[in-house]
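Heads up, the thing below is written out as structure tokens.
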Amino acid sequence: MKHIHNEHESESEAPVTYAEVNDTVLKMLEPPGTGWFLLLFTCIFFLVIGASSWFYQMWSGYGESGNSIPIGWGTYITNFVFWVGIAHSGTLISAVLYLFRAAFRQPIYRLAEAMTVFAVMTAGLFPVIHVGRPWYALWLIPYPNERALWPNFRSPLLWDVFAVSTYFTISATFFFVGLIPDIAAARDRATTKFRKALYGVTCLGWRGSHTQWKHYQAAYLIFAALATPLVVSVHSVVSWDFAMSIVPGWHATIFPPYFVAGAIFSGVAMVITLAIPLRKAFNLHRLITPVHFDAMSKLILLTSGVVSYSYITEFYTAWFSNNPFERFQFWFRPFGEYWLPFWGMTFCNCIAPQLLWIKSLRTNIAFLFVLSIIINIGMWLERFNIIFQSLTREFIPAAWGGYNFSWVEVGITVGAFGWFGMWMTLFIKFFPSVAITEIKEILPPPMRRAKHDHGQVSAVNSH
Amino acid sequence: MVKKSRFVVVAVGITAVLAFFQFQSVENGHATPDYPAVGVRTGVYNDGQAALWDLNITDHFHYFGPEQRARGYKPQQPINFSHVIHVQQNKMECQYCHWSVNKSAYAAIPEEETCMGCHGALVAGKSEQGKKDIEKLKDYYNRGEPIPWVKVHVMPDYLKFNHKRHGKAGVACQECHGQIPEMAQVERVSSMKMGWCISCHRERGASIDCLTCHSHR
Amino acid sequence: MVESSSRAVVGIFTYLDDALEAVKKVKESNLDYRMYSPVPRHEIEEVTYPEKSPVRTVSLIAAMTGCMCGFTLAIMCSLDWPMRTSAKNIASIPAFFVPGYEWTILFGGLGTLLAILIFCRIPTVVRAAGYDPRFSHDKFGVVVACMGSQVDAVKQQLSDSGADEVDIQDSL
Amino acid sequence: MKDDLVQLNKGQNRAQKNSNSSGLVQISRRRFLQGLGATTALSAAACANPAEQKIFPYVKPDPEQIPGVAVWYSSTCNECSAGCGIRVRTREGRAVKIEGNPLNPVNRGSLCALGQSALQSLYDPDRVRGPKKRKLGSIPDDRLREKSRPVFLDASWNEVYGKITEAVSKSNKKKVLLTGELPSSQKEIVEKFATTMGFSHVVWDPMQPVAVAKASELVFGTFGVPTFSLDKASLIVNFGADFLETWANPVGYARQWADSRRSKHPLRFVHVEPRLSLTGANADTWLKANVGSELEIALFLIKDLMQRGRVKGLNGEVLAYVERAVRHVTLEGTSERTGVSVEKLAAVAQHLGEAKQSLILAGGTATQTEDPMPLLVAVNILNVMLGNVGHTVNVAEMTVPNTSAEKMVELIEDMQGGNVDVLLTYNTNPQFSFPAAFGYAYGSREVGVVGGASGKKAGLVVALSSHEDETAVLADYILPVHTSLEDWGYNKQVNGSISLQQPSMRPIFETKSFGDVLITIASNTSRAISDNGKSYADFVKAGYLKACSGRFSGDEKRFWMSSLEDGGNFKSGSTGSSSISVSSQVLKVALKAHGAKRAKGALMLYPYPSVKSFDGRAANRPWMQELADPITQAVWGTWVEMHPDTAKSYGIAQGDQVRLKTDDGEVRAPAYITEHVHKDIVAVPVGQGHSAYGRYAESAAEGSGSVFGLLPKKLAKVSGSIVLAGAPVTVSRAPGAGNLVTVQDFSSQENRELARTTMIAGGGGDHHDGADHHGDDASHGHHEPKQMYEQREHPLYQWGMTVDLAACTGCSACVVACYAENNIPVVGKKIVAQGREMTWIRIERYYDQNPNSGEELKVSFLPMMCQHCQNAPCEPVCPVYATYHNEEGMNAMVYNRCVGTRYCSNNCSYKVRRFNWFQYEWPELLDWQVNPDVTKRTVGVMEKCTFCMQRVAEAKDVAKDLGRLVEDGDVTPACVQTCPTQALTFGNLNDPNSKVSKAARSERAYKVLDHHLNTQPSVSYLNDIRYKA
């Protein structure tokens, strides 16, 4: 905490006070302007496109998607993995970095966590969209039923059900618990009747008494401790959807760490993509500082390295295994029919992030924004490569085949962004999207008798 | 305090309603006690027990699923054929009319000629309604048209029930179809949902391999 | 308002050390108190609640239950209607680690949530004695419950510690 | 059309009518159709409750029928003139499946794709449903383009009969009855009719090997196609006869061929042709000779034999004649002119010289050139020299084709000259399959009864047809006749056996038997061709009993009944003659090779019939359209095969639209580029490009035009048959993209050892000696890896299958059988193009250049169906147990549990799972064929081969009633049952004595991919056997 404070001081501005945190953050909740409504309606418009595409697909038949017989999974599963991946960094930032006491997480963690929850909500749609009979998707849930049947616990897809539902529950709970004191702060400042009621109910009557804080802190630590393994496990389980199969290009033990690193990679990029406009729109420059961007850039650099290493390892393993199918698959990816997505992925995920070795670029907001979008595209392509390329060239050459991209898939993909964006947009206007309490925690408390080196701070009074 | 008690009342109420249906379903199953003496519980097994918990809306609501697959489905038939008169009062054997039940997977609806065997010249019916119905039968027969009976036991696709095998294994008709002899209008007494079949299969040690029933035939 | 009825004395502090000073004094005089703060500080915990929180135990128990339930669910469901897939065992424990693990986390998380709700006494609609909206902003508050006779002493004590304001409210 | 076929029943997923589960539905036709209409109307109201389902009893019991139990009728297939015996499975009075009749010696229980698809001719939604008359003024056009399509109005039988009677009595010119090649009973009644009524009888069937028959006349003295015994030969040299596909008796010959190929001493098979046919693909040595140079090879072989002194059977002037012909033939010269390497020619000659028994064949397109006689004569002479006559060539049992192109030409000339006033057509489609250059359409317009109101137009052309094909739409009246499945008849085989044809169901529409129509026409004109007004059925019975007189003693009725049960009487009477001397008629033919005359800038047209299209009669059968051609793997419609070099020179790429033009016509079709056609030819399958005939035929044609329209207006020398091959065509790239859809785009095995071959050396030696496996070593087949898990036990049955690749010819009969048995939807070209075909069994075709013998082409056919793996990758990944492994070793697929994650398909290493992307529905009438024992699958579920578990269930049911277990042979899945070569076997692997376990223990047995993946399939493949060159 100390060194963070020092970094603040280095900015040659007055240190942040408790009151300023509240003021800045709660200012975000003020009645929205046209821009916000425009954003919201754009998102809803996209969502309507997506929803109508889905209904069209259900009405007409699953054939409206692009899948074919060798390629049973396509855009939807790519989207699923993509969104689960996006979700990951949220948990990483909120839980893992909390445990590591990495204080740079504080200003961005709420945003990251909201992103997690909404991304999981988005990701969770895709398995349902992608099944042939979505109205029976609930058969994957082990509930007592008149058929006396249970699901197959040996299937990675059932693990997915467990992993994703647990992940959603835990991250949503974690998110909500973290929100409680901040909502209480919002409640205490709320003016309109609606907001009073909204915050009054959602803060559950939080007061911030010493016992409450005591249990809260203990519980929060436990939540962080519980969510931390999820960071590793959820995407590992998702990766097992592939790794547990025998498809060349999927059947690899490297998948869990590879997927987790990729998820964090894409998630951090997504946090940057969201944080930059938010920071600009709500003038959060004093809360989300270049220091944070620098730290996230380093995280990107690290995970990009891990991801690149995984790519190389995949190729090495395929060569080393002397398995003709694996070898063919990894020859096919760079030099086959779909070379473009492969090289696109390589550029976006391995080459472009290397620019972050340059210090000035790490804090160059415009550059980071562009790079984060490039990385997101790259990570989508990575999943495309894994899913499409592997399925299109499996064991039996006679059964090799292609994919038929359809506008329905594009519609649903766009709709997913609309769905995610809609929740994000609503969230930033109704709930504090920067963690008030947690930022305050890293600020030095106002002390009359400065025990440490914070004499200056204690002199600054609020009001 | 008021709120709390209200909650309790609602909870107890819901439980009571559920329990009512629960027991009622069992009650229904036992509704017809002792005709003829087959000595088995008729069409109960775990009927409804698991179904109460089933979240599958498509199986439960008529808006999503066919009414014809619900217990108690009792359609109006083109001719008011009464099993009471034929079976209970005149002691006819099931197989006399449904003759293919032990020969084929299907228990055939009797040919009109079978009906005409008695009703053609001999039996004209006692009641007014009965006379009318027999006239109807003759009309159909003379026109050479089949009677458009309404299916009572509508089963979903991809379930192949074999009457012959069940009959030969000693399953009495009443066990699934209920006390048909006492029905003036045939009604579906068993849900014929999968869990219902399975509980009997398990109880009697019959195969619970999916393909036993979900094979094509 | 009867003299002997219990009252709440609310001290509003700007400085954390002042507030803690006041708490220490109140504790010495063995009065019931509640301290409000906009932020959790370990300094506060040290003074007010040095013991460990019971939340942890609840979480542990819940998580262990979850682990057991997860495995049990998977095993029981598989054994209820044993269906062979490939040549794999009906109850294939390695595969069941996933539901077991996931439910460990899930139950642990839900248990923790339950524990917070119970120990923090939320959700509640009861108005907290002496709460001031500023406590969620930047002020610290010390609310002391005392009999009417002790009010003045307590009030004095709080202002001596450096309270910006001291209010007296009816206790609930 | 495809919209009709694939009625995507949008939003009606749940409200699927389960007409198939109501096995009791047996009602009058009209009623049934009404009910069908009602169901359709109701299902249109979305989200409503499905209509209350009705259950209809019989009005009167049918003593033959137990509801839910199939009734089988023995009959005879009329699809080609081979006359295979069939058994038609009917349920509640509807024919649902055709299988081969095991008692019939022609096909011994097997049936080809075409024969099975006869059901879709019976249930053709475009069938003529009642008598029709042309609307006045709607005059047929030559091309029959959509605009000028004649309009037909409903008529009554009596009206048309009246017209015919009137015309016949008025007639003062020729009266002609034009038919296809007919079975014996119809032939007899037609002869009677023709003589009684003064009709002349003309026969046209494009598939008849008339030239072969003519060559027999020249060499052996009798006109006819000899019967061949392929299984007795140790070497077959074949000049283009596609005996594994469509030629002569394909099912019977395929069986003979396969019996030899899988025996200890397999025959060696050399095939010469310019375009790789299915038959050529099965050859040990495939010689891509220059077009028209087959004769050179034959002459070289004659010369080689002469040098070896094998001139038995030749003497006198014939010997001199032959010697003269081969005087200048040299190995090098032949090699140069044919384009076949010296080594290969020498090797073939050597094998031929050493072979104990051999057979030389010629036929197919190679013998439908302008001058086919020299080749055919040379081949016959070769057979004589080799002593094959009387052994592998049976000239005592000759099939005599009645088809005559010369008579056709004469008829057309007569018609054009106005010399014909009554024309009846039946079972032939000359407007489509006779070269359009001769002008049949023009001629048929000139047919008329003089004295009509407006010159010609009182004309009388009556088509007795069950389909509105090109010939029928030219007629003034169409009289709907029974299809062969509704009609009576018998067919006398050359070996003396007689197969009987009986109706397998009551006629669907207001149709009459062809024989009855003739009888009625005759009696209307007060002439009798059957005894006092008896029907054709009586005629058949009497004729059959007469033909069988002496074959039975005692009760005629009992004999008749047992014949109906057996499908005929199969006592074969005759014996082959031992030797024969060459007729001097042969001297008329100049045995001189003149090479291919290739016009400058033009390629040679090489039309060929295939198992998929035959002569065009299969075009309106969706199964046959969707069936992938085994060689090109193309579906729906036609294509043009070209050599890559040729294509390059014309700037044509795979799938481009190509225009083929001759002086007589034009065809547009997509290009299929393949190395396995000669550079100088363009090969086009015949039978596609219909302009009438029905929705599937017409839409699949996509306006391409028929290949027969390209043929020149001339007849072949001596044989007088049409000139199919050799027309010079100008090829150009047509605008627009061609619509070529293939189901297999990759032809190489990528060294993955999917289809394996045992290469054997030596002429006819025991292949178990010195076996040398293609690819990796043999131990892979018997690879027993250590299992991680305890393998599943199978207490009673473990169903398994073996596929003998040495016997599999790739004919695709199994595919059609599977379509028919398992209610597999036909989805149409567009959906197949998306990789969504629904076939449960597919024939994979791989081209491999055999590394052991240089550039030798090795074509492998690999039937691929669900392998029912013991360690199935698909099973554990299903989250809802929709697929799992049962106690009987079956990989079960429970459709109604399936959620549709498609994970199983991803994880299936064999890619045999099929997904219902849409709700597929059968159009009206084709849905009568739906097998009630098999569920139609709904949208969103996975499906796959089930080993025909409905048949397994039936067998178990029967066995249980008999108080025993299912025995070997009780269960045969549809594919196994129909396989013409019996390459497939099915049975209980638990039983060590079952056929299938014996086959699976064979040292040729291996399992596909098992050595890589340890999937432990239940399907074993037996290595193909090929001779090293």
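Any value given below was found using the heavy atoms of this structure, including those in side chains, with hydrogens, waters and symmetry copies removed. A note on names: the letters A, B, ... follow the listed sequences, proteins ahead of strands, and every chain is numbered from 1.
- Within the model, atoms CD of A/Gln217 and OG of C/Ser53 stand 10.5 Å from one another, a figure rounded to the nearest 0.5 Å.
- Between A/Thr211 and C/Tyr49 there is a side-chain heavy-atom pair separated by less than 4.5 Å.
- Judged by distance alone, the side chain of A/Lys214 and the main-chain N or O of C/Glu51 form a donor-acceptor pair under 3.5 Å.
- Atom CZ of C/Phe107 sits about 11.0 Å away from atom OG1 of A/Thr169, to the nearest 0.5 Å.
- Two residues are said to be in side-chain contact when any heavy atoms from C-beta on lie closer than 4.5 Å; A/Gln212 and C/Phe119 fail this criterion.
- Within the 4.5 Å cutoff, no side-chain heavy atoms of C/Pro40 are placed close to those of A/Tyr220.
- Heavy-atom contacts from other residues, nucleotides or ligands closer than 6.0 Å to CZ of C/Arg56 number 12 or fewer.
- Side-chain contact between A/Asp23 and C/His137 is present, with at least one heavy-atom pair separated by less than 4.5 Å.
- Residue C/Arg41 comes nearest to A/Glu441 through the heavy atom pair NH1-O, 3.2 Å, listed as atom of the first residue, atom of the second, then distance.
- With chain C as partner, the option from A/Ala185, A/Gly208, A/Ser165 having the largest number of non-hydrogen pairs under 4.5 angstrom is A/Gly208.
- When the candidates C/Ile75, C/Thr104, C/Thr85, C/Leu110 are compared by the number of heavy-atom contacts under 4.5 Å with chain A, C/Thr85 comes out ahead.
- Among all heavy-atom pairs drawn from C/Gly109 and A/Ile170, the shortest one is CA-CD1, 3.6 Å.
- Of the two parts of C/Ile44, only the side chain, counted from C-beta on, holds a non-hydrogen atom closer than 4.5 Å to a non-hydrogen atom of chain A.
- Counting only heavy atoms from C-beta outward, the side chains of C/Ile122 and A/His215 never approach each other to under 4.5 Å.
- Counting all heavy atoms, side chain and backbone alike, A/Leu230 lies closest to C/Tyr101 at N-OH, 3.7 Å.
- For chain A, the option among C/Leu16, C/Ile105, C/Val55 with the highest count of heavy-atom pairs below 4.5 Å is C/Ile105.
- To the nearest 0.5 Å, the span separating CD1 on A/Ile222 from CD1 on C/Ile116 amounts to 8.5 Å.
- For C/Val39, the parts lying near chain A are the backbone and the side chain together; criterion is any non-hydrogen pair under 4.5 Å.
- Contact count against chain A (heavy-atom pairs under 4.5 Å) is highest for C/Pro99 among C/Pro99, C/Ser92, C/Gly141, C/Ala115.
- Of the atoms belonging to C/Ser59, it is side-chain heavy atoms, and not backbone ones, that fall under 4.5 Å from chain A.
- The candidate from A/Ala218, A/Ala225, A/Ser209, A/Gly205 with the greatest count of non-hydrogen atom pairs under 4.5 Å with chain C is A/Ser209.
- Rounding to the nearest 0.5 angstrom, the gap separating the CG atom in A/Leu149 from the CE atom in C/Met83 is 5.0 Å.
- No more than 12 heavy atoms of other residues, nucleotides or ligands shown are found within 6.0 angstrom of NZ on A/Lys27.
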Practice item. Dump the intermediate steps for side chain to side chain contact (heavy atoms under 4.5 Å, CB included) on C/Leu113 and A/Val177, then the final yes or no. Key: CA-CA 8 Å; C/Leu113 178 67; A/Val177 167; 3.7 Å; yes

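- For the pair A/Arg448 (side chain) and C/Thr14 (backbone), a donor-acceptor distance under 3.5 Å is absent.
- For the side-chain hydrogen bond (donor to acceptor under 3.5 Å, both in side chains) criterion with C/Ser136, the lone passing option out of A/Asp182, A/Asp188, A/Thr437 is A/Asp188.
- Of the listed residues (A/Tyr167, A/Trp206, A/Phe223, A/Phe176), the greatest number of heavy-atom pairs within a distance under 4.5 Å of chain C belongs to A/Phe223.
- Across all their heavy atoms, C/Thr112 and A/Ala219 have their closest contact at CG2-CB, 3.6 Å.
- Atom CZ of A/Phe162 sits about 10.0 Å away from atom CZ of C/Phe96, to the nearest 0.5 Å.
- Residues C/Glu45 and A/His210 form no side-chain contact, since every pair of their non-hydrogen atoms from C-beta on lies 4.5 Å or further apart.
- Side-chain contact between C/Phe135 and A/Arg207: absent, with no pair of heavy atoms (C-beta onward) separated by less than 4.5 Å.
- Within the 4.5 Å cutoff, no side-chain heavy atoms of A/Trp213 are placed close to those of C/Met35.
- C/Cys120 SG to A/Leu204 CG: the interatomic distance, rounded to the nearest 0.5 Å, is 10.0 Å.
- Using a 4.5 Å cut-off between heavy atoms, C/Asp18 touches chain A through backbone and side chain atoms alike.
- For the residue pair A/Phe153 and C/Ala74, the shortest heavy atom distance occurs at CD2-CB, 3.6 Å.
- For the residue pair A/Pro142 and C/Leu73, the shortest heavy atom distance occurs at CG-CD2, 3.8 Å.
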